[in-house]
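Remember, it's a predicted structure, so these values are computed and weren't measured experimentally. Throughout, protein chains are lettered first and strands after them, A, B, ... in sequence-line order, and every chain is numbered starting at 1.
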Amino acid sequence: MNNEQVAEVLNDIAEILEIKGESKYRIRAYQQAARSIEFMPEDIEEVYHEGHLDDIPYIGKSIAEKVADVLEHGRASYLEELEESIPPGIDSLLQVPGIGPKTAVRLYQELGIDTIEALRIAAEEHRIRQLKGMGEKSEENILKGIKWLQGKSPRLPLGAAAILVERILEQLRRDPFVRNLVVVGSYRRVETTVGDIDIMGTSDRPETVIDLFTSLPDVDRIMAKGTTKATVLAKNGVQTDLRIVPHESLGSLMQHFTGSKEHNVQLREFSLSKGLSVSEYGITNTRTGWRIPCAVEEQVYSILGLQYIPPEIRQGSGEIEAAAAVKLPELVTQPDIRGDLHTHSKWSDGRNSLEEMALAARDRGYRYLAVTDHSPGLGIAHGLTLERLRRQWREIDELNNRLKGITLLKGSEVDIRADGSLDLPDDILQELDIALGAIHSGMNESGSRMTERVLRAMHNPYLNILVHPTGRLIGRRSPYDIDLETVIRAAVDLGIILEIDGTPDRMDLDGRHARRAKELGAKIAVNSDAHQASGLDNMHFGVGTARRGWLEKKDIVNTVSLEELRRFLFGRRQRNQAA
DNA sequence: GCCGTTTTCGGCCCGACTGTTTTCAGTCG
């Protein structure tokens, strides 16, 4: 059972308690516990076997018992009892906006409604208005809500959102009065998917920006439009908000709308203990009632006596305690990255020539770029035969002689075969500057076989990096069934670097696993896995993911100079050859 | 149900909106 699965059980318990009208604090306790487990770096099974469940924040005696039950039996008898105590189907009503647990229960008890379809019919037949406190308007809203629910688009992958966001920002900046445009919400926190896009800014003439925004070519439909705020539906179906706010409270508003919700709740609780109350309008002294609006976000944290907490780690997973103790890590930044160690060219399945890739890398300030086209076994990606690989080396040599300011490294993304062997012979691997190992086939193997397979590959003395270690494709393919804890430990023992692949539909490792890898002492490479020159910019998502994993410059290998990198990569081979 | 350099009991984020209501409960982000 992994952390996400255990968290889901606790969230399910919370949902049923809500329907049952339990104390909201009891419900919150389960939700907080679920979040703790979801975001903590450690493996929940391991923590349990070491007997340290109660060390996890928001897990006390009672919830620890439920977690133990889940881990021991693969199910929670408490959840099963709860499920039997409520009519099935009633929780589905909660999906309809405007319907919460109280209303759902009344709809069931007084009208026997337990499906969304039954709810729709009841609203159309005007039976909802029989209920006390419900009227004509309520029925309309329910029907509207159901319609919205049926047409609502799923969360958008971050990469797709980024394209839209960049285009919108570029056009809004043409308004000469607009200032401080910033995207907040899950986009700013570099979550893997976003539900909607929330943009904020200041302007001396809000109306003109709002007009510009609502008339953009990307807008499909205007949902709401006022003088300082508008909501539109973009053509790709994602809801996008723009709000123009007063200069003097921009920082408070940014902080509030960046979230996460759990971070804000914890921040406000922390503030109360210091006699301060935080809201989107400022910070109020609860004794004097004086309120200070914050123009910049840093102010919010500094007034509370906290280190500035970067958006990527605002998850409610220990960042406030760390900030209070002045123990936040100094997160890696994009300029720390000196080169990209995972890229493709026309030689295999990329779109640009080696020279184009090299120049694009140099433009981005990099000093080195590893060319890592696919190995021969990956026919579908036009993997390089040994003969073509040697020809590619000649081209790399020629470019390295000719181009100034950037060095290409001879690399390969070598397929890890079903038996764990590598798709290039050792004598070839030995001649490479850098070898990446990747799984591209047989992804449905059982966990133990998958783990064995990867471990065997990691024992090859010439392998340097295990790339996209879980193989997930966000929204399309689950991670392989692999024991990451074991893989991370092996990486530390064997000197294998683990990758954070910045392709936005991969972001693999994810933040939580990256944080765990750091904790266990593994080295990380943050790469773009670019298949064309513009793809090098996917480094942004890789760095964002690294930051979500609390990683610092020193945890990441491609923040060092070329000389240091070569020493590091070579060191492993020498050690292994000596041994 | 969890938590504590003011507390082991008495707290538990903040504000806005909505609809139906004479003062507020429920819902949402």
A.B. asks: Evaluate whether atom NZ of Lys225(A) has more than 12 neighbouring non-hydrogen atoms of other residues, nucleotides or ligands under 6.0 angstrom away.
C.D. replies: yes
A.B. asks: Each nucleotide in nucleotides 16-29 of chain B should get exactly one letter: B, S or -. Can you fill that in based on protein heavy atoms under 4.0 Å?
C.D. replies: S--SS-----SSSB
A.B. asks: Run the salt-bridge test on Arg515(A) and Glu42(A) with the 4.0 Å N-O cut-off and return the result as yes or no.
C.D. replies: no
A.B. asks: State whether Glu248(A) and Arg291(A) are salt-bridged, where the test is any N-O pair (Lys NZ or Arg NE/NH1/NH2 against Asp/Glu carboxylate O) under 4.0 Å.
C.D. replies: no
A.B. asks: Sequence neighbours left out, what passes side-chain contact (heavy atoms from CB on, under 4.5 Å) with Glu4(A)? Give chain and number order.
C.D. replies: Asn2(A), Arg512(A)
A.B. asks: Can you check the Leu53(A) CG to dC2(B) C1' distance for me, whole Å?
C.D. replies: 15 Å
A.B. asks: When you compare dG1(B) with dT5(B), how far apart are their C1' atoms, in angstrom units rounded to a whole number?
C.D. replies: 24 Å
A.B. asks: Using heavy atoms and a sub-4.0 Å distance, could you list which residues of residues 291-315 of chain A are near DNA chain B? By number, please.
C.D. replies: Arg291(A)
A.B. asks: Round to a whole Å and report the spacing from CG of Asn264(A) to P of dC12(B).
C.D. replies: 18 Å
A.B. asks: Identify which one of Asp555(A), Val332(A), Leu328(A) satisfies the side-chain contact (heavy atoms from CB on, under 4.5 Å) criterion when paired with Trp550(A).
C.D. replies: Leu328(A)
A.B. asks: Holding to side-chain contact (heavy atoms from CB on, under 4.5 Å), I want the full list of residues that pass it with Thr103(A), two or more places apart in sequence or in another chain.
C.D. replies: Ile99(A), Leu107(A), Met134(A)
A.B. asks: I'd like the C1' distance from dG29(B) over to dC13(B), given in whole Å.
C.D. replies: 12 Å
A.B. asks: Using atom P of each nucleotide, how far apart are dC2(B) and dT6(B) to the nearest Å?
C.D. replies: 24 Å
A.B. asks: Is Asp198(A) salt-bridged to Arg243(A), going by a charged N under 4.0 Å from an acidic O?
C.D. replies: yes
A.B. asks: When the distance from CD of Gln266(A) to P of dC3(B) is rounded to whole Å, what number comes out?
C.D. replies: 11 Å
A.B. asks: Across the strands shown, which category fits Leu272(A) at heavy-atom distances under 4.0 angstrom: base, sugar-phosphate, nothing?
C.D. replies: sugar-phosphate
A.B. asks: Looking at residues 55-68 of chain A, who's got a heavy atom less than 4.0 Å off DNA chain B?
C.D. replies: Pro57(A), Tyr58(A), Ile59(A), Gly60(A), Lys61(A), Ser62(A), Ile63(A), Lys66(A)
A.B. asks: Just grab all the ring pair (Phe, Tyr, Trp, His ring centres under 6.0 Å) pairs involving residues 305-325 of chain A, residues at least two apart or on different chains.
C.D. replies: Tyr301(A)-Tyr308(A)
A.B. asks: Taking Thr240(A) as the fixed residue, which of Asp218(A), Ile199(A), Thr231(A), Asp196(A) is the one that meets the side-chain contact (heavy atoms from CB on, under 4.5 Å) rule?
C.D. replies: Ile199(A)
A.B. asks: side-chain contact (heavy atoms from CB on, under 4.5 Å) with His468(A): which residues, sequence neighbours excluded?
C.D. replies: His342(A), Glu413(A), Ala438(A), His440(A), Tyr480(A), Glu499(A), Asp501(A), Arg506(A), Asp508(A), Asp529(A)
A.B. asks: Distances under 3.5 Å only, N/O to N/O: pair up the protein atoms with those of nucleotides 7-10 of chain B.
C.D. replies:
none

A.B. asks: Any carboxylate oxygen within less than 4.0 angstrom of a Lys/Arg side-chain nitrogen, looking at Arg35(A) and Glu38(A)?
C.D. replies: no
A.B. asks: Quick check on contacts: within residues 239-252 of chain A, what sits under 4.0 Å from DNA chain B by heavy-atom distance?
C.D. replies: none
A.B. asks: Measure the distance from NZ on Lys274(A) to C1' on dC13(B) and round it to the nearest whole Å.
C.D. replies: 17 Å
A.B. asks: So, Glu552(A) and Lys518(A), do they make that salt bridge, N to O below 4.0 Å?
C.D. replies: yes
A.B. asks: Please determine, for dT8(B), whether a Watson-Crick or G-U wobble partner exists with both distances under 3.5 Å, and give it or none.
C.D. replies: none
A.B. asks: Please check if atom CZ in Arg205(A) has more than 12 non-hydrogen atoms from other residues, nucleotides or ligands closer than 6.0 Å.
C.D. replies: no
A.B. asks: Is it the case that more than 12 heavy atoms not belonging to Glu330(A) sit under 6.0 Å from its CD atom?
C.D. replies: no
A.B. asks: Please tell me which of the listed nucleotides, dC13(B), dG1(B), dC14(B), lies nearest to the side chain of Ser279(A)?
C.D. replies: dC14(B)
A.B. asks: For Ser249(A), does its backbone N or O pair with a side-chain atom of Ser252(A) as donor and acceptor, under 3.5 Å?
C.D. replies: no
A.B. asks: Rounding to an integer number of angstrom, what distance separates dT20(B) and dA16(B) when you compare their P atoms?
C.D. replies: 22 Å
A.B. asks: Is there a residue in residues 25-39 of chain A whose heavy atoms reach under 4.0 Å of DNA chain B, and which residues are they?
C.D. replies: Tyr25(A), Arg26(A), Arg28(A), Ala29(A), Tyr30(A)
A.B. asks: What interatomic distance, in whole Å, is found between C1' of dC9(B) and the corresponding atom of dC14(B)?
C.D. replies: 25 Å
A.B. asks: On a whole-Å scale, what distance lies between the C1' atoms belonging to dT18(B) and dT23(B)?
C.D. replies: 15 Å
A.B. asks: Is the shortest side-chain N to carboxylate O distance from Lys20(A) to Glu22(A) below 4.0 Å?
C.D. replies: no
A.B. asks: Syn versus anti for dT6(B), judged by chi lying within 90° of 0?
C.D. replies: anti
A.B. asks: If you measure from the P atom in dT21(B) to the same atom in dG26(B), how many Å do you get, rounded?
C.D. replies: 14 Å
A.B. asks: Applying side-chain contact (heavy atoms from CB on, under 4.5 Å), can you list everything that pairs with Glu321(A), at least two apart in sequence or on another chain?
C.D. replies: none
A.B. asks: For Arg173(A), enumerate each residue passing the salt bridge (charged side-chain N to carboxylate O under 4.0 Å, His left out) test, keeping only those at least two apart in sequence or located in another chain.
C.D. replies: none
A.B. asks: So, Arg129(A) and Glu124(A), do they make that salt bridge, N to O below 4.0 Å?
C.D. replies: no
